[in-house]
Structures are given as C-alpha cells and as structure tokens.
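Okay, structure first, notes after.
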Amino acid sequence: MSVKGNVYWITGLSGAGKTSIGKLFFKKIKQEEPNTIFLDGDELRMILNVEPSFSMESRLNLSYMYSKLCNLFANQKSNVVIATISMFEEIRAWNKKNILNYNEVYIKVPMNILIKRDQKSLYSKAIKGETNNVIGIDLQFHEPMNPDLICMNDGSKSVQKIAEEIFLFFKKPKKLTMVK
C-alpha cells in the first residue's frame, strides 16, 4: 500500500484537450479511488489570485506553486489529476525528483490543429500580432522529454477514448525487475 498519493500531471499546449481529457480521466480514477482531486491550471491561477502576468519568471513561479501544491496533496495520501501547460522541462524534472508517485501524460497536438481549434482565440490573435507571449507561437514550449505516456489528440480519437487509454495505462500492473 502506498504511503503517498499519485500525481497525474497532464500537460500540453493550450487547446490540446488537457482539461477535457483530465476531467474524464479523473472521473474514472475517482470511482476506484475516492481520495482523488482534480486541479486545472486556469482555475488555479484564479483561485491563487495570481495577476495575469505572462513573463517567463511569473510562469515559472506559478508552475512551481502547482508542483508544490500537488506534492502537498500527494503527501497527504490524496491522488491529484492536474491539467496544466507546464511549459518548462525544469518543472517536470523537479516533479520527477520530488514527487514520489509522479506520472506524466503529454497530450500532443500538431500546431496546425491547435490553430484550427483556437478555442480561446490565442493563436489567431498571436498570428495577427494582436497579442504576444503565446506558448508555441512566440514562446518556446519544451516538449516533455520522458513522459510516461504520450497521447495524440489530433481528432482521430475522441477525448473519451483518450481518457480511457490513460486510465488503462496507469491501471495495468507494473513489471518488477530484480537487481542482482
């Protein structure tokens, strides 16, 4: 029995489907493990009353807050499903080092599809020059180097199917290797 909860860190660019997939995955996990909570990066920013500064330093600090909050919950035996852009490899490396049961899922979507979806009008405004500091357009997104799972969300599968695949991936027994 684990003495700490699991953290399921769902990352990807804006419009990748992180929140939709994360919520569906959360519902599945919560049925089996009621001590599970869902956190969304956009909602956390509002709850933490963080000024909407989009400087690299403020983004990095906010990401560390998310990581430390997830670690706090996991240390109290709660499972956490978090959906966040998490643009820095530095944050994901911190998570791997500091969160005992850290699980990373990268929701990958080709940029042309993200631009077509453009639910928040971020990409169209950035392309027109009406805004800047858009991750994937004028700010670099460091793709996760070693996620536990990469899920392509290019429209070829439903978000329900992707959430089911994530659930099944993390529910399968892990192989134990004996070191001699």
Side-chain angles (χ1 to χ4, degrees), residues 1-47 62-63 65-89 91-111 113-114 116-117 119-120 135-136 141-177:
M1 185 164 137
S2 177
V3 295
K4 297 191 178 198
N6 291 293
V7 172
Y8 300 97
W9 192 273
I10 300 176
T11 187
L13 287 168
S14 181
K18 300 176 303 293
T19 299
S20 299
I21 292 166
K23 284 181 178 178
L24 291 166
F25 172 65
F26 161 74
K27 287 179 184 176
K28 290 184 166 300
I29 290 280
K30 189 151 179 86
Q31 289 175 352
E32 292 187 9
E33 301 178 41
N35 61 325
T36 303
I37 60 172
F38 179 78
L39 302 174
D40 177 68
D42 290 338
E43 291 175 357
L44 281 173
R45 196 169 34 259
M46 288 188 305
I47 291 167
L62 189 59
S63 293
M65 277 195 261
Y66 294 173
S67 294
K68 291 174 182 179
L69 185 61
C70 288
N71 197 30
L72 174 73
F73 287 128
N75 286 340
Q76 295 178 29
K77 299 183 182 181
S78 291
N79 297 309
V80 181
V81 176
I82 181 167
T84 179
I85 291 176
S86 182
M87 64 187 281
F88 303 100
E89 186 58 37
I91 294 297
R92 295 184 295 267
W94 187 95
N95 291 349
K96 289 174 184 174
K97 181 179 178 185
N98 294 285
I99 301 173
L100 181 64
N101 298 321
Y102 176 72
N103 305 280
E104 189 174 292
V105 178
Y106 175 33
I107 307 298
K108 187 172 184 166
V109 181
M111 183 54 72
I113 293 173
L114 291 173
K116 191 184 300 183
R117 289 180 186 164
Q119 298 153 328
K120 299 176 185 177
I135 302 166
F141 174 67
H142 300 268
E143 281 193 307
M145 294 191 321
N146 295 303
D148 295 292
L149 184 62
I150 299 173
C151 297
M152 182 62 75
N153 186 16
D154 59 2
S156 61
K157 296 180 192 170
S158 70
V159 292
Q160 293 84 358
K161 178 72 174 157
I162 295 169
E164 178 72 21
E165 288 173 355
I166 296 169
F167 178 77
L168 293 173
F169 177 83
F170 287 114
K171 283 300 167 187
K172 70 182 177 188
K174 305 290 187 238
K175 293 181 180 178
L176 298 177
T177 306

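The figures that follow rest on heavy atoms only: side chains count, while hydrogens, waters and symmetry mates do not.
Residues meeting the side chain to side chain donor-acceptor pair (under 3.5 Å) test with Tyr66, sequence neighbours left out: none. Considering only residues two or more places apart in sequence or on other chains, Glu32 meets the side-chain contact (heavy atoms from CB on, under 4.5 Å) condition with Phe167, Lys171. Evaluation of the side chain to side chain donor-acceptor pair (under 3.5 Å) rule for Thr36 yields Asn79 as partners, not counting sequence neighbours. Legend: residues meeting side-chain contact (heavy atoms from CB on, under 4.5 Å) with Ile91, ordered by chain and number and at least two apart, are Trp9, Leu60, Ser63, Tyr64, Ser67, Ser86, Phe88, Asn95. A search for side chain to side chain donor-acceptor pair (under 3.5 Å) contacts involving Asn75 returns Lys4, not counting sequence neighbours. For Leu69, the side-chain contact (heavy atoms from CB on, under 4.5 Å) partners at least two apart in sequence or on another chain are Leu39, Leu44, Leu72, Phe73. Every ring-ring contact (aromatic ring centres under 6.0 Å, His included) that Phe25 has, sequence neighbours left out, goes to Tyr8. Ser20 meets the side chain to side chain donor-acceptor pair (under 3.5 Å) test with no other residue; sequence neighbours excluded.
Applying the salt bridge (Lys or Arg N to Asp or Glu O under 4.0 Å) test to residues at least two apart or on different chains, the pairs with a partner in residues 156-170 are Lys28-Glu164, Lys157-Glu165. Evaluation of the salt bridge (Lys or Arg N to Asp or Glu O under 4.0 Å) test over residues 35-44, restricted to residues two or more places apart or in two chains, returns Asp42-Arg45, Asp42-Lys120.
At a threshold of 4.5 Å between non-hydrogen side-chain atoms, the residues Ile10 and Ile107 count as touching.
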Please report, to 0.1 Å, the donor-acceptor pairs under 3.5 Å made by any side chain of residues 145-153, with sequence neighbours excluded.
unit_1 : atom_1 : unit_2 : atom_2 : d
Asp148 : OD2    : Glu104 : N      : 2.7
Asn153 : ND2    : Ala16  : O      : 2.6

